[in-house]
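The chains referred to below are lettered A, B, ... by the order of the sequence lines, with proteins before strands, and numbering in each begins at 1. Below, each value reflects all heavy atoms present in this structure, side chains not excepted, and no hydrogens, waters or symmetry copies.
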Amino acid sequence: MEAGVKRINETDPNANGLGGNQGQRQRNRIRVAAYVGRFCQLTFQTDGGEMKRSKLLVAFFAFALILAACSDDGGGDTTVAGGGEGGGTLQAVLDRGELNCGVNETLPGFGEVAEDGSYSGFDIEFCRVVAAGVLGDANAVKYVPLTAEQRFTALQAGEIDVLIRNTTWTATRDGQEGVNFLYTTFYDGQGMMVPASTGFTTLEDLDGANICVLSGTTTELNLTAVFNARGIAFNPVVFEDNNQLRPAYEEEQCEGWTSDASQLGSWKFTIESEGGADQTIMSEIFSKEPLGPAVADGDTEWAQVVNWSVMATVQAWEFGLNSGNIGSYSGTDPNILNFIGTDNFDPKLGLPSDFAVQIVEQVGNYPEIYNQFAELAPLDGSVNDLWSNGGLMYVPPYR
Amino acid sequence: MTTAAPPVNQLTPLEWVRKNLFKNWWSGVLTILLIPLILVLGYRAFLFFFVNGQWEAVQRNLTLFMIGTFDREMEWRIYSQILLFVLAFGIGLGTNSAAVQDRAEDAGLPYERSSVLATVGRMWSLVVFLGILLWFASTDDVGGLLNPFLLIGAAVAVLLVGFQAFRFPRRLRSAGWLLTATFLVLGFQVVSGFDVGGWLPLGLTYGIAAYMVAPVGRFEAGWLRIVMRLVAAVAVVAVIRTIYALVDSPGIGWDEWSGLHLTLMVSAIAIVLAFPLGLLLALGRRSTLPAVRIMSTMYIEVIRGVPLITLLFMGQFILGFMLPAGTDLSAVSRAIAAMTLFTAAYVAEIVRGGLQALPRGQTEAGQALGLAPPTIMNRIVLPQALRAVIPAMVGQFISLFKDSSLLFIISIVEFLRVRSLVHTQPDFRAVSIAETLVFVAIGYWAFAFAMSRESQRLERRLRVTR
């Protein structure tokens, strides 16, 4: 039985579905209602097919009313995204109880995902540092994988609270991308790796050589700029990603591999630990790549909180505090007592007084974090060593 | 109505070879050239799969490929989801099978009920993929043997139990469908959480059901019936909403899903949303109301003129600034929105093709009978038009499923991107690249092929090809 036929017969038994003024008007009315109802009905057409249009419409509006009535309390807790409009990120993170941290999950040594789905890496550890400092729980982090193009947009749109994704601090980014770069956690720079058997030690040795490099990166531009400036002839061999570059390099399609020194370090580690040829990374670094956390412009409170959380790892190092001894410190150094918050000292940063203890106990001080990643270059004597050892790690005094 | 079966030609193997491989001289030459080529390729493939391939990267990361960075302590949610979906599938299968039987009986046609086995056999590609997974899982030494086999055993049992829905008496057929929908929703929510806002799908489903079946026979006046139906519907909705409010246990939202799980769910959600939207657009484009027609046409032409990847990027980069501040739309939600909007435009054009292929006489016949336009559309035009475009539509959905790998580029860890994670791990940096790629390809193929087979069956059942 067709619903439409039934309806016409029911409402106008005289019309027989044809002719008659009343029948005509009736049909016109049905037609108008039908045009409105058509879209509703299409979605709700059921197997039974017995529902009539008018009733369906009524039902539809009723449900719409119920929805409207329920919607005011039905939303549950809304997670307010931080950043962007200035102010409030700290409160938003505290309310949410979780830090949204923008990361790179495919960068050896800095961001990786293990077989069990857990994140690890140098950058990941600093997400945990911020979470431990702000929330007192290093595991209260939601990692948001981002591509290089997405990262600043995500920060501005408030999808992430902090970006710790091997991002180089440059003037353009600081000026144009609306981000605020904080304490540099890793001083990187472009380097050159060659097989140890070549005996090359300077860029000049590579005159006329093939150099493997990823296409479209700053690395490629730097390579050209530096080699041209020094008049060294070279032939770039470009690849889309490291999975293609590595086999080519090991098959000696190129004599040198240029990338950020930290990346070369992890590839050297990988190649040598898998039984490949010994590699040398030249001591010469020909670009500056300071990597560190970044937050959205315009929220100084949040920037301070992140900055001091990150710097606490270096400060603890300087004080000789590590995850093992910071909780049981019994000395009398007033600076340390301030730092671990037992002295009622509050610099009004917006951090809990024991934030440093939480950070160092749950994550570690700077060398503890650094040395987890054997593939990074040795810390001692490197540019990332403490200022008192000749490195660049220097933080303002905590007093 | 009986049809004589066509005569079957029984060929001896020798005759078969002569007829198919050496019919004439060029066919003979081709055979002689191709057989060694196929043998060589087959041998190389065999070597790759069973001898030379370093499958450790896949084997050790099997869970990572399946569920990515999903919280391992919440794995039970995924297991429950699989079982509930299988249950829903079984009930749906049983109910559908019974419904087809009902129709055949009504029409006096002979009918043989399809078995579960036949359905599973149709989806043999999925069985192959499952076999590969089990093979990898069983060579894993950390208790990997027990869990997958237990899960599959439970799934088979649940499937068979669900299929018993075909025993429901005829008047409970709709109940079968209602159960299917219920378990689909519950299966989804066992992962995404039974929080307060999650009552909507079940509330709507049961509300509409209550509205339809409310016992209102003893009320004379039409308006009173409607009121009583509404009361029933509201009561049911209120009960469901209260249950959700009482349970209120949050789960894991889709922005924290990844791996094959995310790929499948995102594709399914986008397909489910794109189909009705595309249908509306197709009807809108043929509407006699100029505003509706022009808007639909503009939408379709604009979206079809833009590559999906552009839409995905726009979703990531522009949508965040266009939405009101505080709208916390995750990257995955925006990707689903982009994929839905994109596919809907194509679905609309496919449906429009079907509508245009239908002779005008069909509509006119309906009008001559005095049927209302929606009835003509629902009962005459759409069934024929949609039936005609099933192959194209499923093709579009398969393409959507595979296009979900584009989420790779916006850093959403779907099935393909898990490879990048694997090849960042210290043990697998730039090694076993071909193996992981082949594994992922087989995974995509298994599901795409199953979809394709299912569409072929639909075509046959609905007699698209006459």
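- Note on A:E105 versus B:R417: salt bridge recorded, some NZ/NE/NH1/NH2 to OD/OE distance being below 4.0 Å.
- When all heavy atoms are compared, the tightest approach of A:P145 to B:S411 is O-CB, 3.4 Å.
- For a residue to count as touching a neighbouring chain, one of its non-hydrogen atoms must lie under 4.5 Å from one of that chain's; by this rule B:V413 touches chain A with the side chain only.
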field: Pair B:R429-A:E375, side-chain contact (heavy atoms from CB on, under 4.5 Å): steps then yes or no
entry: CA-CA 13 Å; B:R429 276 176 203 157; A:E375 50 214 79; 2.8 Å; yes

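- For the pair A:T106 and B:H423, the minimum side-chain heavy-atom distance is 4.5 Å or more.
- To the nearest 0.5 Å, atoms OG1 (B:T424) and CG (A:N243) are separated by 7.5 Å.
- Residue A:S120: no heavy atom, backbone or side chain, is found under 4.5 Å from chain B.
- Contacts between A:E250 and chain B at a heavy-atom distance below 4.5 Å are absent for every atom of the residue.
- Top candidate by heavy-atom pairs under 4.5 Å with chain B, chosen from A:N242, A:L245, A:T147, is A:T147.
- In this structure, CZ on B:F317 lies 11.0 Å from CD on A:Q156, to the nearest 0.5 angstrom.
- B:Q425 approaches A:A114 most closely through the heavy-atom pair NE2-C, 3.4 Å.
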message: salt bridge (Lys or Arg N to Asp or Glu O under 4.0 Å), that's the test. Do B:R72 and A:E115 meet it? Break it down for me.
response: CA-CA 11 Å; B:R72 294 300 191 268; A:E115 288 156 26; over 6 Å; no

- request: Give the C-alpha distance, both sets of side-chain angles, the deciding distance and a yes or no for side-chain contact (heavy atoms from CB on, under 4.5 Å) between B:L421 and A:E112.
  value: CA-CA 7 Å; B:L421 304 188; A:E112 301 173 14; over 6 Å; no

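- Annotation: maximal heavy-atom pairing with chain A below 4.5 Å, among B:L62, B:N61, B:I67, B:I410, occurs at B:I410.
- If you measure heavy-atom distances from A:Y143 to chain B, you find no contacts under 4.5 Å at all.
- Remark: the backbone N or O of A:G117 is not paired with any side-chain donor or acceptor of B:T69 at under 3.5 angstrom.
- The two residues B:P426 and A:E274 make their nearest non-hydrogen contact at O-OE2, 3.6 Å.
- Summarising the geometry, atom CG belonging to A:N100 is positioned 9.0 Å from atom CG belonging to B:D255; distances are rounded to the nearest 0.5 Å.
- Of the atoms belonging to A:L107, it is backbone heavy atoms, and not side-chain ones, that fall under 4.5 Å from chain B.
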